[in-house]
Amino acid sequence: MLMLLEKRAILERVLRQSTGLEDVLLSEGGEHADLATTIAFTLAKQKKQAPVKIAQDLVDELTKHPDLKGIQVEAKGPYINFIFGAEYVSEAVKEAVKPGYGSLTKKGIRVVLEHTSANPNGPLHVGHIRNSIIGDTLARVFRKAGYGLEVQYYVNDMGRQIAIVVWGFDNLDSNPLAGEKEDAHIARVYIAANQEIEKDPDITQQVNILMQLVENGDPPTVKKFRREVSRCLDGFKVTLKDLNVVHDRFVWESDFIRNGYTDRIIARLRKLPQARDEETLALDLGEFGFGNKYVIRRSDGTSVYAARDLAFHTWKAANFDRVIDVLGADHKLIAAQLQCTMKLLGEKAPEIVHFEFVSLPEGSMSTRAGKFVSADDLITEIRKRAFDEVTTRRPELDEETRKSIAKSVGLAAIRYDIVKVTPEKSTVFDWKEALDFERQSGPYIQYAHARACSILEKAGTFTECYDLESDQEIALAKQIAKFPSVIEKVIAELHPHILATYSRELADTFNTFYHFEQVLRSEGKTRDRRLTLVRAVQNTLKEALETLGIDAISTM
RNA sequence: GGGCGAGUGGCUUAGCCCGGACAUAGCGUCAGCCUCCUAAGCUGAAUGCCGGGGGUUCAAAUCCCCCCUCGCCCGCCA
């Protein structure tokens, strides 16, 4: 089934038998081979022989091994290279033309993945959607890898920020502007309210009172909070839909107050040896390397975010096998404290995927200060650009078709631009790069896919043939063969950019193939096998694009 | 001050966990390729003390130590 993974396992086993070493140092062979090992260096010390001789001896032995039939084994100096033969290549193509290629076997493991969870005090901006896109891509990869999955959005509906929004609606001119989107409206009121607070710090008292009222379940206050938060979420949902980001469930923070989970968790926390139940209830996690107190409950008796978050995670831990959160770098400390506390309680701690910040050329983004580029603005702008581009390239298409292509191209550009960078790297939002549709971009990969579709459409029916011949054909097939192992690697490392890099490399390889090998103009068996290969690459690109949340369009 | 993350050609970036064969690709620059399957494409060239300094090793972008720069965090905020 999984050709590459299977071959790798066989080689590992055989090498272990032959060398007696546990770690056989098998790695990707790059341009030299499909897989390679530097084990001769390690053996050189043991055997007191030159690595080159050891490599040669080992190759002589391995070449005869019955399990390695169809694998060419060769020594290049001290390096031992494994090159897979025709059988591997044709099996790979045979797999790759099937619908759903790249899917792994069902696992029977239930995973809950939380992502985005932005505070509902203003529209999603280009920093928030890094969270959404990393999270949504991971979700798609988990599904493809055969996991049962539920994706959740945790709605912070009772924080100080929301209290400030509610205060603004109560006390300021808060009518929406004509055509104003809900979340943008809320941001405007939130920004104005913050300006008032800066002028008159006494307003903070009124905000505190609102927070107490909502925690105690005061009906009119609860209703007001819920109304504004819901309106903001309605705005988010439009943005997320435009980004092809899907949540299965929105979980409200305040529910964990109402259903008693927070009280229950506080009672359990109080019994921990690390608990410091004084004015406030806090945990001293100093023995685990945390320098600050982990506050659970305020002196006025209200809970803080951490308490509700612990209740939420306890609930998730009870209902799922794996709990994964996608969080910004600003949450690193509190997430580590949460993980530590969950372990103290004997609960399953969440796995956390952190991503570093997105800033603007002029500095950090801030909803409160109104300094941000909203995702909606980015989407509008990129669709405009994409529409102009499609109109230039395909003037013969009708407007509806061009609009539809532009929408898909814009989505691809945004998602790919964000997901292609490793989450550990902080980035600076750059309009020029975001609006680029060339090379290392989503549209570039879509284009390769559309090109394959176009060839297949013109070809009509043909007989599938898996006996590849030229170097270009084999190189492409081997790239296609890697796809399932890429899915597996993303799961192992929780790094979706690996899939982005792979997809781009597959498009590169196909474009090179396309340049050097004629498909439609070739004849007979050559035509059949190249068309089969085009079908395989089209299907693999389609699966890869869809796993990236990008439309695999057939014309553009 | 302490913790976490990052530093790779002019710019962006892969590789780092698991050390090995000339460090990945793009943008930009330069030279080419549309009577030929979609040029959102392809081919080639130039550009790297892989932040700096020590160390480990037969071998270091990769591991260890120190330092520098940038980002994030260290609240009875979320």
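In what follows, chains carry the letters A, B, and so on, assigned in the order in which the sequence lines appear, proteins first and then strands, with residues in each chain numbered from 1.
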*Give the intermediate values and the outcome of side-chain hydrogen bond (donor to acceptor under 3.5 Å, both in side chains) for residues A:Asp325 and A:His313.*
CA-CA 10 Å; A:Asp325 298 336; A:His313 277 88; 2.6 Å; yes
_B:rA14 phosphate, OP1 or OP2, under 4.0 Å from A:Lys425 side-chain N/O_ = yes
*Any salt bridge between A:Glu464 and A:Arg529, counting N to O under 4.0 Å?*
no
*asked:* Students often get this wrong, so: under 4.0 angstrom with heavy atoms, is A:Ala336 touching a base, only sugar-phosphate, or nothing?
replied: nothing
*Which part of the nucleic acid, if any, lies within reach of A:Thr555 when heavy atoms closer than 4.0 Å are counted: base, sugar-phosphate only, or nothing?*
base
*Just call it for A:Thr512: base, sugar-phosphate, or nothing, with non-hydrogen atoms closer than 4.0 Å on any strand.*
sugar-phosphate
*Return the orientation label for the A:His128 and A:His125 ring planes: parallel under 30°, perpendicular over 60°, tilted otherwise.*
parallel
_Polar side-chain atom of A:Thr509 near backbone of A:Glu505 as donor-acceptor pair, under 3.5 Å_ = yes
*Under 4.0 angstrom, heavy atoms only, what part of the nucleic acid is A:His354 near: base, sugar-phosphate, or nothing?*
nothing
_Within the 4.0 Å heavy-atom criterion, would you say A:Val24 contacts the bases, only the backbone, or no part of the nucleic acid?_
nothing
*asked:* Any donor-acceptor pair, under 3.5 Å, between the side chain of A:Asn121 and the base of B:rA78, if you only look at N and O atoms?
replied: no
_If the cut-off is 4.0 Å, is A:Tyr444 near the phosphate of B:rC42, judged by side-chain N/O to OP1 or OP2?_
yes
_Applying a 4.0 Å non-hydrogen cut-off, can you work out what A:Arg530 is touching in the nucleic acid: base, sugar-phosphate, or nothing?_
nothing
*asked:* It should be established whether A:His495 places a side-chain nitrogen or oxygen under 4.0 Å from OP1 or OP2 of nucleotide B:rG15.
replied: no
_hbond_proxy A:Ser299 side chain to B:rC76 base (donor-acceptor, 3.5 Å cutoff)_ = yes
*asked:* Please determine whether a side-chain nitrogen or oxygen atom of A:Arg298 lies at a distance below 4.0 Å from atom OP1 or OP2 of B:rC77.
replied: yes
_A:Arg527 to A:Phe462 six-membered ring, cation-pi geometry met (6.0 Å, 45°)_ = no
_Side-chain donor/acceptor contact of A:Ser426 with base of B:rG71 under 3.5 Å_ = no
_Touch class at under 4.0 angstrom, heavy-atom based, for A:Ser554 against every strand present_ = base
*Which nucleotide, in any strand shown, forms a Watson-Crick or G-U wobble pair with B:rG5, with both distances under 3.5 Å?*
B:rC70
*asked:* Please compare A:Lys420 and A:Thr38 by the position of their nearest nucleotide in RNA chain B and report the one closer to 5'.
replied: A:Lys420
_Opposite nucleotide pairing with B:rA61, Watson-Crick or G-U, both atom distances under 3.5 Å_ = none
*asked:* Using a heavy-atom cut-off of 4.0 Å across all strands, would you classify A:Ser359 as base, sugar-phosphate, or nothing?
replied: nothing
*State whether A:Asn119 places a side-chain N or O below 4.0 Å from either non-bridging phosphate oxygen (OP1 or OP2) of B:rA78.*
no
*Given that both distances must come in under 3.5 Å, which nucleotide forms a Watson-Crick or G-U wobble pair with B:rU56?*
none
For nucleotides 22-24 of chain B, list the nitrogen or oxygen atoms of the protein found under 3.5 Å from its nitrogen or oxygen atoms, one pair per line.
from	atom 1	to	atom 2	distance (Å)
B:rC22	N4	A:Glu31	OE1	2.5
B:rC22	N4	A:Glu31	OE2	2.9

*Counting only Watson-Crick or G-U wobble pairs whose two distances fall under 3.5 Å, which nucleotide matches B:rU35?*
none
*Under-4.0 Å side-chain N/O to phosphate OP1/OP2 contact, A:Ser454 with B:rU38*: yes
*Base, sugar-phosphate, or nothing for A:Ile498, non-hydrogen atoms under 4.0 angstrom?*
nothing
*A:Glu356 near the nucleic acid: base, sugar-phosphate alone, or nothing, with a heavy-atom cut-off under 4.0 Å?*
base
*Would you mind classifying the nucleic acid contact of A:Val409 as base, sugar-phosphate or nothing, using non-hydrogen atoms under 4.0 angstrom?*
base
*asked:* Quick check on RNA chain B: between A:Ile80 and A:Val519, whose nearest nucleotide comes earlier from the 5' end?
replied: A:Ile80
*Answer with yes or no whether the side chains of A:Thr391 and A:Arg402 bring together a donor and an acceptor at under 3.5 Å.*
yes
*Would you mind pulling out the nucleotide paired to B:rA45, Watson-Crick or G-U wobble, both distances under 3.5 Å?*
B:rU29
*Based on the glycosidic angle (syn within 90° of 0, else anti), state the conformation of B:rC74.*
anti
*So is A:Arg504 actually on top of A:Tyr444's ring, under 6.0 Å and inside 45° of the axis?*
no
_For A:Gln152 and A:His115: C-alpha separation, side-chain torsions, deciding distance, then whether side-chain hydrogen bond (donor to acceptor under 3.5 Å, both in side chains) applies._
CA-CA 7 Å; A:Gln152 298 185 346; A:His115 70 75; over 6 Å; no
*Between the side chain of A:Thr302 and the main-chain N/O of A:Arg298, is any donor-acceptor distance below 3.5 Å?*
no
*asked:* So, under a plain 3.5 Å distance rule, would you say the side chain of A:Glu438 forms a donor-acceptor pair with the base of B:rC27?
replied: no
_I want to check one thing: is the phosphate of B:rA39, taken as OP1 and OP2, less than 4.0 Å away from some side-chain N or O of A:Arg451?_
yes
*Do the two ring centres, one from A:Trp252 and one from A:Phe250, sit under 6.0 Å apart?*
no
_Under-4.0 Å side-chain N/O to phosphate OP1/OP2 contact, A:Tyr514 with B:rA39_ = yes
_Partner lookup for B:rU24, please. Criteria are Watson-Crick or G-U wobble with both distances under 3.5 angstrom; report none if nothing qualifies._
none
